Structure formats: C-alpha cells, structure tokens
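Working notes, beginning with the structure itself.
Note that the structure is predicted; figures quoted are calculated from it, not measured. Order of the sequence lines fixes the chain letters, A, B, ..., with proteins taken first and strands second; residue numbering starts at 1 for each chain.
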Amino acid sequence: MSSLNIYNSLTRQKELFEPLTPGHAGLYVCGPTVSGESHLGHARPYITFDVVYRYLMFLGYKVRYVRNITDAGHFEEEGRDATDKISEKSHLEKLEPMELVQKYTNLYHWGMKEFNNLDPSIEPTATGHIVEQIEMIKDIIAKGYAYEKNGSVYFDVKKYAEGHEYGKLSGRILEDLLESTRDLEGQDEKNNKVDFALWKNAAPEHIMRWPSPWGIGFPGWHIECSAMACKYLGKQFDIHGGGMDLLFPHHESEIAQSTIVNGESPVRYWMHNNMITINGKKMGKSYNNVIKLTELFSGNHPILEQAYHPMVVRFYILTTHYRSTLDFSNEALQASEKALKRLMEAKSVLEQLNSDAWAVKGNNADLVQKLNTLCDECHDFMNDDFSTAKVLANFFELAPVVNSIKGGQIAGDEIGQALLEKMKTTFEVFLIQILGLKPIAETDHGHLDEVMQVLISIRQEAKLKKDFTTSDAIRNKLIQAGIQLKDEKDGTVSYTLQTS
RNA sequence: GGUCUUGUGGCCGAGUGGCUAGGCAGAGCUCUGCAAAAGCUUCCACAGCGGUUCGAAUCCGCUCGAGACCUCCA
C-alpha cells in the first residue's frame with residue numbers, strides 16, 4: 001500500500017509525510033475570528049482539515065489537533081454605533097467584547113457540529129494567551145528583531161531578511177514589497193512598510209485592551225498563532241493548515257517570529273486550501289454574496305433557491321480537491337443533494353444484504369478484481385494528498401454493483417461473502433469515519449415507522465383489489481408530505497423522506 | 001502594476017503525454033397496474049493560436065478570460 005504524501009506549500013511539491021515523533025502527529029489550523037457570524041467561506045478549511053485529522057487518526061497516529069479562536073483584536077459589532085464603545089453609556093448598555101465573542105463562538109461551534117466536524121484536541125483562545133504572546137514579543141525585542149514606537153511593537157522584517165529567507169513560503173521578494181507604490185495610512189510609525197505589528201497601542205475607544213511592558217494595548221494578529229502553536233505543539237511541529245488567503249502575510253510572519261524565538265522554522269508541512277466562489281465570483285461584501293451558515297442551512301438568502309443540508313455542503317466540498325477553487329451554485333448543490341442521497345441509500349442497501357447463503361469466495365473473477373481495486377484505491381487516493389474527489393468517484397462505481405446485487409442482476413455468489421464484508425467496511429471507513437459523512441437525519445423514526453406500516457398495508461390491500469385510485473391516492477398524498485414510497489421487486493414497500 | 005494560481009462537455013467537477021473519471025441534467029431500453037427507485041445503453045469536452053513529440057486536456061510560448069495575495073482585514 002502507498003504512504004501518505006502531502007503537498008507542501010513551502011516546497012511546492014508533494015512530500016512523503018514523516019512525523020517528527022513516530023506515531024504522533026501535530027496539526028495546527030488557523031481558526032476563526034469571532035467578531036462576526038461564520039459564513040460559507042469558513043466551511044471549507046474546517047471541513048478540509050477535519051478530514052486530514054480523521055485520516056491521520058485512521059492511519060494510526062495519535063494526533064493533537066489545535067485550532068485556535070481569534071477573540072482579540074479590532075472588534076466592533078455589526079450595526080453598532082461607534083459611540084457605543086465610549087463610556088458615556090451605562091455599563092450594561094455598552095458593548096461588552098466578551099459577550100460578542102461568546103455569541104459568535106457559540107454560533108461557530110454550532111456550525112462545526114452541523115458539518116459533523118470533530119472537536120479539535122485543544123481550542124485555545126488568543127485572549128487566554130496574552131501572557132505567552134507578551135513573553136514572545138519580549139524575546140524578539142531582546143534578540144534585536146523588533147522595536148517599540150509609541151506603545152506599539154513592530155517586527156523588523158528588513159533585519160530578519162538579512163539572515164533569513166523572508167518570503168520563502170509565499171514566494172514574495174522583499175525588494176518588490178519595499179518598492180510597492182501603495183501608500184497607506186498609519187504607516188508612519190514603522191521603519192519600513194513591510195514591518196508588521198507584534199503589539200498595538202490601544203486607542204481609548206478600543207474595547208479590547210491589556211497591560212503590557214509597552215503600555216495598554218492588544219497583540220498583533222500574527223503572534224497569537226505562533227505563541228499557541230509553540231505552547232501546545234512544540235517549537236517545531238508537523239502540519240500547519242489554513243486558507244490560501246492566509247499565506248501572506250499571516251503565515252509568512254508566523255515563520256519569521258517563530259524562527260527568531262525558537263531558532264528554527266516552526267512547521268514541516270504547510271497545507272493551504274483554496275477559496276470558494278459563488279456563481280463564479282469571489283465571496284465578498286462588495287458583491288453582496290456572503291452567505292452565513294445560518295442562511296445556508298435555512299435557505300434564507302436571495303442567492304439561494306432552497307435550504308441546503310450541512311451534509312450536502314460537506315459532500316460538495318469533498319467532491320473537489322482542497323487546493324482547487326470551488327464554485328457554489330444552486331445547480332451544483334442540488335446535484336450534490338441527489339448524489340449524496342444515492343450514495344447513502346446504496347450504503348444502507350449494502351448493510352442489509354445477507355450473504356449467509358453465498359459462496360465464501362466470489363466466482364466472477366473479473367468483477368471480484370474490479371471491486372477489490374475500487375476498495376483498495378480509496379487508500380491510495382487519500383494517501384495522494386487527500387484526493388477525496390477520487391474516493392467519492394469510486395463509491396459511485398461501487399453503488400450500482402450494490403444495487404444490482406439487491407435487484408438480482410448480480411448474483412451473490414459472483415461476489416462472495418469475504419468481498420461483501422470488505423465492501424461494507426470500505427463504505428463505513430471511508431464514507432463515515434474518514435470523510436465524516438452521515439445520512440441526513442430522519443426525524444421521529446420510531447412512531448413514523450409504525451404509521452407508515454399501517455398506510456403501506458392499506459395500500460397493499462387496495463392494490464390486491466386493483467383499486468389503484470386508492471393506492472395511488474395514498475402514494476401521491478405521501479409525496480406531498482415529503483415521503484416517497486418505493487415498490488420493491490420482492491413485493492415489499494420501502495419509503496424515504498425528502499430532505500428539504 | 002507586482003507575485004502566484006487557474007480556464008475541461010448543458011451544469012459541477014477528476015485528470016500523473018498514449019488507455020471510459022465521476023456526479024447532476026438529457027435520450028433510449030428493462031423492471032412496474034402506473035409511478036418512484038434501481039439496472040443497462042447512449043449523446044455532449046478539453047478557452048484561442050502556435051510550438052515540442054510518433055503521440056498533448058496533460059509540456060513550452062503568446063493572446064484572451066477568471067481568481068487569490070500584495071493592508072494594523074481575518
């Protein structure tokens with residue numbers, strides 16, 4: 001069997017994954033900034049790296065998965081007046097940053113659960129690690145790679161570049177960055193415009209503030225990840241993940257900071273997922289096409305023709321390789337909805353197949369070989385930089401076989417007991433455990449099932465009497481209620497619930 | 001403007017130089033009292049123009065289109 005290869009953004013090629021500590025894997029993923037509601041764009045990295053996490057565990061690694069929450073920085077609540085932040089108002093009327101953070105953190109956690117993402121091993125908050133960040137900044141100053149200006153501290157990129165390769169991750173060239181003609185406000189304090197903030201002096205109206213050796217302020221954006229990754233995963237660790245938009249300056253700066261403090265480059269494998277577009281356009285406020293998760297799941301957005309179940313979204317994201325852009329459209333999502341349903345029904349059919357009377361070994365050599373290949377390839381595809389799209393394609397080749405066994409087009413003896421068990425395992429392991437998919441939940445199954453059996457038997461009696469008016473009426477009215485009856489070949493009747 | 005990525009059939013998307021990706025939609029057939037589901041078969045491609053090669057969706061160049069980053073935004 002093949003071994004896991006990961007595309008490393010740093011080297012721009014696929015590399016064999018070799019963990020620093022045998023048997024263990026450290027994974028750090030940049031989490032959300034909880035100053036607003038999670039949207040579709042957030043879904044992709046967390047689903048992508050959830051699959052990475054699940055697959056590493058499947059391979060037998062003991063994984064420590066750290067995903068932070070950025071709850072410090074420039075915080076404002078949408079729609080609030082700026083004066084809210086100033087102390088004219090009574091305490092309870094004022095914007096309380098931690099209340100805001102709590103609200104959006106809860107919503108984010110809800111979204112993650114809906115997507116069936118596993119909880120990370122540690123979910124550290126930036127505000128909970130102010131001390132570590134200050135210590136790190138002090139160290140960088142002591143080593144001469146940062147300077148203080150008016151209560152703010154900046155990282156000296158030019159000096160760093162003298163002895164280190166600044167830009168090695170993002171492909172930036174320092175000279176180009178220095179020559180950039182962009183003139184932005186608030187750059188005066190910096191010695192060079194490429195320098196970035198480690199600590200920012202807080203203006204009086206700034207709602208998040210902590211004391212530091214340089215005065216009241218708040219940490220710069222990049223330092224939190226360096227501090228928390230180092231604390232929980234060590235000076236050097238295996239995998240760091242995040243969206244491609246974070247490559248520069250965020251991850252480039254992380255490397256610089258950590259390299260100065262720890263004397264070595266922090267990350268062995270950098271992984272970056274691509275972005276999501278909507279109808280071919282990037283998701284952004286100017287296009288008015290940002291879809292929040294609550295809107296996505298409820299269908300309550302002008303762009304959306306219907307609600308989309310979190311599992312449909314997860315499935316759709318996994319049908320594309322994580323390094324490709326992914327375009328969202330109603331058409332694509334609706335196709336995914338049907339496709340996922342088909343796959344999950346095939347899985348359910350497979351589980352109900354009884355192979356007791358079958359030959360132990362299959363006697364259709366060609367078919368047996370084809371099915372074995374389809375199952376085995378799932379491992380190879382995952383090992384090839386997490387090619388979830390190919391894994392799913394194989395399941396669509398397995399599904400007709402499963403349905404054909406049920407339908408009688410393929411005899412059980414052709415497959416044999418052993419291979420059937422292997423197929424069951426493959427469905428369970430890859431679809432459920434690794435890709436994290438699950439059947440779309442059916443509500444109140446217990447009582448519904450009893451009621452359905454009554455209706456089905458009444459309809460059967462009508463059919464026996466050739467009273468098709470009655471039997472069709474039952475079926476048609478159930479359709480309107482979102483329940484689809486299916487007359488199976490063996491005379492039994494099954495039903496499925498519509499998803500939306 | 002700079003750096004990087006990308007352009008596949010009606011829609012979405014795999015694709016490592018030569019061998020059917022796959023899904024959804026369309027067409028036909030089988031099964032069915034009729035449906036649905038399922039099975040089988042099938043139509044429709046590699047942005048454009050050049051080049052390398054016995055052979056290119058895949059490599060190279062140019063043209064056109066799209067995207068990401070270049071910000072104290074995350």
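- For the P atoms, the distance linking B:G7 with B:G17 amounts to 16 Å, nearest Å.
- In a base pair of the Watson-Crick type (N1 to N3 plus N6-O4 or O6-N4) or a G-U wobble (N1-O2 and O6-N3), with each distance short of 3.5 Å, B:C64 is matched with B:G7.
- If you measure from atom CG of A:L398 to atom C1' of B:G39, you get 16 Å, rounded to the nearest angstrom.
- In this entry the distance linking CG of A:N274 with P of B:C4 reads 16 Å, nearest Å.
- Between the side chains of A:Q102 and A:N106, at least one donor-acceptor pair of N or O atoms lies under 3.5 Å.
- Look at B:G55: it lacks any Watson-Crick or wobble partner with both distances under 3.5 angstrom.
- One atom, CZ of A:F155, and another, P of B:C72, lie 15 Å apart when rounded to the nearest Å.
- Side-chain atoms of A:A197 lie closest to B:C72 of the nucleotides B:C34, B:C72, B:A36.
- Of the C1' atoms belonging to B:A14 and B:U6, the separation is 16 Å, rounded to the nearest Å.
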**Request:** Just do the ring-ring contact (aromatic ring centres under 6.0 Å, His included) check on A:F386 and A:F381 with the steps written out, would you?
**Result:** CA-CA 7 Å; A:F386 309 96; A:F381 292 157; over 10 Å; no
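- Using a 4.0 Å heavy-atom criterion, one finds that A:F248 contacts the sugar-phosphate atoms exclusively.
- Comparing the same atom, P, in B:U16 and in B:A21 gives a spacing of 13 Å after rounding to whole Å.
- Applying the ring pair (Phe, Tyr, Trp, His ring centres under 6.0 Å) rule to A:F155 yields the partners A:Y160, A:F196; only residues at least two apart in sequence or on another chain are considered.
- A distance of about 30 Å separates the P atoms of B:U53 and B:U3, rounded to the whole Å.
- Atom NZ of A:K168 has more than 12 heavy atoms from other residues, nucleotides or ligands within 6.0 Å.
- As rounded to whole Å, 16 Å separates atom C1' of B:A25 from atom CG of A:L333.
- Nearest-nucleotide mapping onto RNA chain B: of A:H250 and A:G171, the residue sitting toward the 5' end is A:G171.
- Between the CD1 atom of A:I415 and the CD1 atom of A:I405 there is a distance of 4.0 Å, given to the nearest 0.5 Å.
- For B:U41 and B:G22, the P atoms lie 11 Å apart once the distance is rounded to whole Å.
- Remark: C1' of B:U6 and CG of A:D245 are 17 Å apart, rounded to the nearest angstrom.
- Rounded to a whole angstrom, the distance from the P atom of B:A25 to that of B:A37 is 9 Å.
- Base pairing analysis places B:C19 opposite nothing; no Watson-Crick or G-U wobble pair with both distances below 3.5 Å involves it.
- The 12-atom threshold is not exceeded at CD of A:E165, counting heavy atoms of other residues, nucleotides or ligands nearer than 6.0 Å.
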**Request:** Going 5' to 3' through nucleotides 10-23 of chain B, assign each nucleotide B (protein heavy atom under 4.0 Å from a base atom), S (under 4.0 Å only from sugar-phosphate atoms) or - (no protein heavy atom that close).
**Result:** -SSSSS-----BSS
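- Distance CD1 (A:I410) to C1' (B:U30): 15 Å, rounded to an integer number of Å.
- Between A:H272 and A:H251, the ring planes lie tilted relative to each other; the angle falls in the 30° to 60° range.
- Taking atom CG of A:L478 as the reference point, atom C1' of B:A35 lies 14 Å away to the nearest angstrom.
- Residue A:K466 is out of contact with every strand shown, counting any heavy-atom pair closer than 4.0 Å.
- With a cut-off of 3.5 Å on both pairing distances, the Watson-Crick or G-U wobble partner of B:G39 is B:C29.
- Taking atom C1' in both B:A36 and B:C43, the straight-line distance is 25 Å, to the nearest Å.
- Distance CG/A:L478 to CD1/A:I483: 5.5 Å, rounded to 0.5 Å.
- Nucleotides B:G50 and B:G28 have their C1' atoms positioned 43 Å apart, rounded to a whole Å.
- Distances shown here put every side-chain N or O of A:K193 at or beyond 4.0 Å from the OP1 or OP2 atom of B:U71.
- A straight line from NE2 of A:H251 to P of B:C70 spans 13 Å, rounded to a whole angstrom.
- Remark: A:K159 qualifies as a cation-pi partner of A:Y145 under the 6.0 Å distance and 45° angle criteria applied to the six-membered ring.
- B:C69: Watson-Crick or G-U partner is B:G2, with both key distances under 3.5 Å.
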